[in-house]
Engineer: 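My structure is below; once you've seen it, I'll send some questions.
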Amino acid sequence: MLDMRFIRENPGVVRDGAAAKNISVDLDGLLELDARSRALQQRLQELATQQNRITREIGPLMGRIKAEKDPAKRAELEKQATELRQRPTEIKQESLELQEQIKALQPEIDARLLTIPLPPDSDVPLGKSSEDNVELRKWGNVPSFEFPVRSHIELGEKLELFDVPRGVRLAGSRSYFLTGAGALLHQAVLRLAMDMMVFEKGFTPLTVPVLVREAAMRGTGFFPAGREQAYRVGEITETGEDERFLTGTGEVGLTAFYLDEILDETQLPRKLVTQSTCFRREAGTYGKDTSGLYRIHQFDKVEQVIICKNDREESIRWHKEILANSEQLLQRLNLPYRVMQCCTGDLGPKNASMIDIETWMPSRNAYGETHSASRLYDFQARRCELRYRDTQGKVQYCHTLNNTVAASPRILIPILELYQTAEGAVRVPEALRPYMNGMEIITKQ
RNA sequence: GGAGAGAUGGCCGAGCGGCUGAAGGCGCCGGUUUGCUAAACCGGUGUACGGGUUACAACCUGUACCGCGGGUUCGAAUCCCGCUCUCUCCGCCA
């Protein structure tokens, strides 16, 4: 969420930002509603001032009436009091009307305000869609195979690493079981990612709720814009509906951990990591990536989140660092990847900048997105009321950033496909062997 | 599923119609004292939105805010109603 004052003072920046992101907003409507509301509030304040003044006279007057012994003087004072009491009644009529009008305006303002995106940072290239993303660098060599390359789907079937038909029978499209060595590989990647972040990078490990209240979804910026992507879990009870949402990323739990709190600057930065199951409806993707483990409704992800001071430079530094963390993991797995600076059109409403990592996937003969590092400045913190007291004692909004460390089973696609042998087996990446009881190769049982 | 209790500032906690933006404590900031640190003592310390004013800051001033929304009243943290959330006990499940 943006600061209303910032929008008021920088309408051009906000308008251009939304346009660059290809997000249509009713900025004029918002500004007009805001101006109207403010005018009404000003008038309401004047009325309240008058009323308070009168009210403050009545108190002492009542005291004097009680103390007054002389009936004549007392009657005079009571007359005064009665007069005074009349006036607020008149004022009240007008202020009630004003309040009514202001209240009617508020939902309109909020609805628009929540849809105003964070303008992209100046270093983000302009562009319409992911086609216009800019490659920052490449790492590793894309291998050429001397045998026909099998897709992860073929390998999975042959080596019984996962079972999509049974998953679908049980849970519908985009569902799967991981089986045997497939399940082990999945756990191994996640453990490697988690251990690296905790024991080498100094992140604090958390387990997080994946079933959360609406406030957490709205606070982290996934609502209202992405509402259709979340599974809603609700039960009708006698007193109403008990509604929760399944989170699509551990980012929700990590970022909303300090929801509504005021931290102390000495507590920052917070470096948090979690492994959590992620749920995504993938609404509107019918026919896209329909087979295999690329686009699925449920997966597990190790996610890193940074909560830091309200400082642009510091945010940018952390952005580089969380990106480097993930690159390091891919390098340990020896998976070729490229780093893509997303263009304005590819950014979500909450991002100032976003850098994706795409890992080479032989069956696609292309790089496929496996990581996404976001820099959000105080956009989420505002919605979450996530603040800190700085060294001057001033309360400020934090900055937040996040990045994937490893999302599996998607990351199994490049692992299986890149480590396959001519015989149709899969070598286990060295970095994962300690997590697989030393297993070196996955063959048909 | 049944019954009860509660929601106050960064935190804890008092207040239960006007003298309350809110006692007291903790924390934090400034000062005094002190070989250093600590302790002790003194003072200060909420947020948001307006207006004045200023080069900014500071300062002055107004309004709102004691979970949220409504009602009663000249006046509500305080009384009444609704909602949300939290906790406790019993039951059930693990």
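Residue numbers begin at 1 in each chain, while the letters A, B, ... track the order of the sequences.
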Engineer: Roughly how many Å apart are B:A40 and B:A22, using the C1' atom of each and rounding to a whole number?
Structural biologist: 29 Å
Engineer: Round to a whole Å and report the spacing from CG of A:D3 to P of B:A48.
Structural biologist: 10 Å
Engineer: Run the salt-bridge test on A:R8 and A:D3 with the 4.0 Å N-O cut-off and return the result as yes or no.
Structural biologist: no
Engineer: Provide, to the nearest angstrom, the distance between the CZ atom belonging to A:R53 and the P atom belonging to B:U61.
Structural biologist: 13 Å
Engineer: Whether A:K309 and A:D390 form a salt bridge (side-chain N of Lys/Arg under 4.0 Å from carboxylate O of Asp/Glu) is what I want to check.
Structural biologist: no
Engineer: Got a sec? Which of residues 26-42 of chain A come in under 4.0 Å of RNA chain B, heavy atoms?
Structural biologist: A:R38, A:Q42
Engineer: Name the pairing partner of B:A55, where a pair is Watson-Crick or G-U wobble with both distances under 3.5 Å, or state none.
Structural biologist: none
Engineer: Identify the nucleotide, in any strand shown, that forms a Watson-Crick or G-U wobble pair with B:U37, with both distances under 3.5 Å; if there is none, say none.
Structural biologist: none
Engineer: Taking B:C28 as the reference, what is the distance to B:C12 when you measure between their C1' atoms (whole Å, please)?
Structural biologist: 15 Å
Engineer: Identify which nucleotide among B:G50, B:G62, B:G75 has an atom closest to any side-chain atom of A:R8, counting heavy atoms from C-beta outward.
Structural biologist: B:G50
Engineer: Both distances under 3.5 Å, Watson-Crick or G-U wobble: report the partner of B:C16, or none.
Structural biologist: none
Engineer: Looking at residues at least two apart in the chain, or sitting in another chain, which of them share a salt bridge (Lys or Arg N to Asp or Glu O under 4.0 Å) with A:D195?
Structural biologist: A:R191
Engineer: Taking atom P in both B:A3 and B:G62, what distance in whole Å separates the two?
Structural biologist: 50 Å
Engineer: Whole-Å distance between B:C11 P and A:R387 CZ?
Structural biologist: 9 Å
Engineer: Under the criterion salt bridge (charged side-chain N to carboxylate O under 4.0 Å, His left out), which of A:D34, A:D26, A:D28 is the partner of A:R112?
Structural biologist: A:D26
Engineer: Choosing from B:C74, B:G10, B:U63, which nucleotide comes nearest the side chain of A:R389?
Structural biologist: B:G10
Engineer: Expressed in angstrom and rounded to an integer, what is the separation of A:Q45 atom CD from B:A64 atom P?
Structural biologist: 8 Å
Engineer: Over how many whole Å does the gap from A:I262 atom CD1 to B:C26 atom P extend?
Structural biologist: 21 Å
Engineer: Applying a 3.5 Å limit to both distances, which nucleotide forms a Watson-Crick or G-U wobble pair with B:C49?
Structural biologist: B:G62
Engineer: Which base, if any, makes a Watson-Crick or G-U wobble pair with B:U72, both distances under 3.5 Å?
Structural biologist: none
Engineer: Should the pair A:E265-A:K394 be classified as a salt bridge under the 4.0 Å nitrogen-to-oxygen rule?
Structural biologist: no
Engineer: Nearest-Å distance, NZ (A:K394) to P (B:G46)?
Structural biologist: 14 Å
Engineer: Using a 4.0 Å heavy-atom cut-off across all strands, classify A:R382 as base, sugar-phosphate, or nothing.
Structural biologist: nothing
Engineer: Considering Watson-Crick and G-U wobble pairs with both distances under 3.5 Å, what does B:A77 pair with?
Structural biologist: none
Engineer: For A:E261, answer base if it contacts any base atom (sugar-phosphate contacts may also be present), sugar-phosphate if it contacts only those atoms, and nothing otherwise; contact means non-hydrogen atoms under 4.0 Å.
Structural biologist: nothing
Engineer: Taking the side chain of A:R213 as heavy atoms from C-beta outward, which of B:U47, B:U86, B:U63 is closest to it?
Structural biologist: B:U86
Engineer: Just name whichever nucleotide pairs with B:A7, Watson-Crick or G-U, keeping both distances under 3.5 Å, else none.
Structural biologist: B:U84
Engineer: Tell me whether the rings of A:F245 and A:F223 are parallel (<30°), tilted (30 to 60°) or perpendicular (>60°).
Structural biologist: perpendicular
Engineer: With a 4.0 Å cut-off on N to O distance, would you call A:R36 and A:E32 a salt bridge?
Structural biologist: yes
Engineer: With distance as the sole test, does A:K158 use its side chain to make a donor-acceptor pair with the main-chain N or O of A:K444 at under 3.5 Å?
Structural biologist: no
Engineer: Which residue lies toward the 5' end of RNA chain B, A:V395 or A:A48, if each is placed at its nearest nucleotide?
Structural biologist: A:V395
Engineer: May I have the distance from A:L96 (atom CG) to B:U73 (atom P), rounded to whole angstrom?
Structural biologist: 12 Å
Engineer: In whole Å, what is the span from the CZ atom of A:R5 to the C1' atom of B:G50?
Structural biologist: 10 Å
Engineer: Would you mind pulling out the nucleotide paired to B:C28, Watson-Crick or G-U wobble, both distances under 3.5 Å?
Structural biologist: B:G44
Engineer: Do A:R169 and A:D163 meet the salt-bridge criterion of a basic N to acidic O distance under 4.0 Å?
Structural biologist: no
Engineer: Check whether any side-chain N or O of A:N52 sits under 4.0 Å from OP1 or OP2 of B:U63, and answer yes or no.
Structural biologist: yes
Engineer: When rounded to the nearest Å, what value does the distance between P atoms of B:C85 and B:U72 take?
Structural biologist: 28 Å
Engineer: On RNA chain B, does the nearest nucleotide to A:Q51 precede the nearest nucleotide to A:D260 from the 5' side, or the other way round? Give the residue.
Structural biologist: A:D260
Engineer: Between B:G17 and B:C79, how far is it from one C1' atom to the other, in whole Å?
Structural biologist: 8 Å
Engineer: Distance check, C1' atoms only: B:A77 and B:G46, in whole angstrom units.
Structural biologist: 16 Å
Engineer: If we take the P atom in both B:A7 and B:C68, what is their distance in whole Å?
Structural biologist: 13 Å
Engineer: With side chains defined as the heavy atoms from C-beta onward, is the minimum distance between A:C342 and A:S130 less than 4.5 Å?
Structural biologist: no
Engineer: Distance check, P atoms only: B:C80 and B:C87, in whole angstrom units.
Structural biologist: 25 Å
